[in-house]
Amino acid sequence: MLVVGPERALYPLRKLALQSGVTLYVPHQKKAGWYWRVTDPAGAKLSALPDYGEPVLRPDGAQGVVLGSVAADEQGGRLGKGYGWAARGLHLSALGLEVPEFTLAHPLMLSSRLPCPPTRWWRWSARRAVCRVPRHSHWLRRAAPP
């Protein structure tokens, strides 16, 4: 089970994960603190969540979080989109849930160094193939700043 962000760019990941039998929790975009629990691949699209998702208050059983990003660097820095969703929208720490956080980055999003301070720090993860992630994508896992 994964918490996967509602970013449009994460749609292919949501679709592949659901097709592989992974249960997803997608944060509700209009109700803070709520999640859609989704098991049907038809629920991968955000517009389909009300039809295929079950509203829940806790992402029980979640083993990780996948957040969207704009850019990442080789030192593990990540830039979010600037809307604060990752920082405010998950509410996982308030629920007492400590799970690893990941981002998915295309090689074009990776640079040797970010042009500004990172939003979060990540460390490279050897786990590249959750739900058959395209081979040209890279997983980054959150870690403490170096």
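Start at 1 with the first residue, then count along the sequence.
Between Met1 and Gly61 the shortest heavy-atom distance is CB-O, 3.5 Å. Minimum interatomic distance between Ala48 and Ala42 (heavy atoms only, all atoms of both residues): CB-O, 3.3 Å. Closest non-hydrogen pair, Pro27 versus Val4, comes out as CD-O, 3.4 Å.
The structure places CG of Leu49 at 8.0 Å from CD of Gln29, a figure rounded to the nearest 0.5 Å. Atoms NZ and CG, on Lys15 and Leu24 in that order, are 13.5 Å from each other to the nearest 0.5 Å. Rounded to the nearest 0.5 Å, atoms CG (Leu10) and CG (Leu2) are 11.0 Å apart.
Two residues are said to be in side-chain contact when any heavy atoms from C-beta on lie closer than 4.5 Å; Met109 and Ser69 meet this criterion. Side-chain contact between Asp73 and Ser112: absent, with no pair of heavy atoms (C-beta onward) separated by less than 4.5 Å. Between Leu13 and Val66 the shortest side-chain heavy-atom distance falls below 4.5 Å. Annotation: side chain of Leu114 is in contact with side chain of Ser111 (closest heavy-atom distance under 4.5 Å). Between Leu46 and Arg14 the shortest side-chain heavy-atom distance falls below 4.5 Å.
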Next on the checklist: Show, in sequence, the C-alpha distance, side-chain angles and deciding distance for Thr23 and Arg37, and conclude whether the side chain to side chain contact (heavy atoms under 4.5 Å, CB included) test is met.
Outcome noted: CA-CA 7 Å; Thr23 298; Arg37 183 180 183 276; 4.0 Å; yes

Checklist entry - Tyr25 and Val56: side chain to side chain contact (heavy atoms under 4.5 Å, CB included), yes or no, with the steps? => result CA-CA 9 Å; Tyr25 292 97; Val56 296; 3.8 Å; yes

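Qualifying salt bridge (charged side-chain N to carboxylate O under 4.0 Å, His left out) partners for Asp40, counting only residues two or more places apart in sequence or in other chains: none. Taking the side-chain contact (heavy atoms from CB on, under 4.5 Å) definition, one finds that Pro55 meets it with Trp34, Trp36, sequence neighbours left out.
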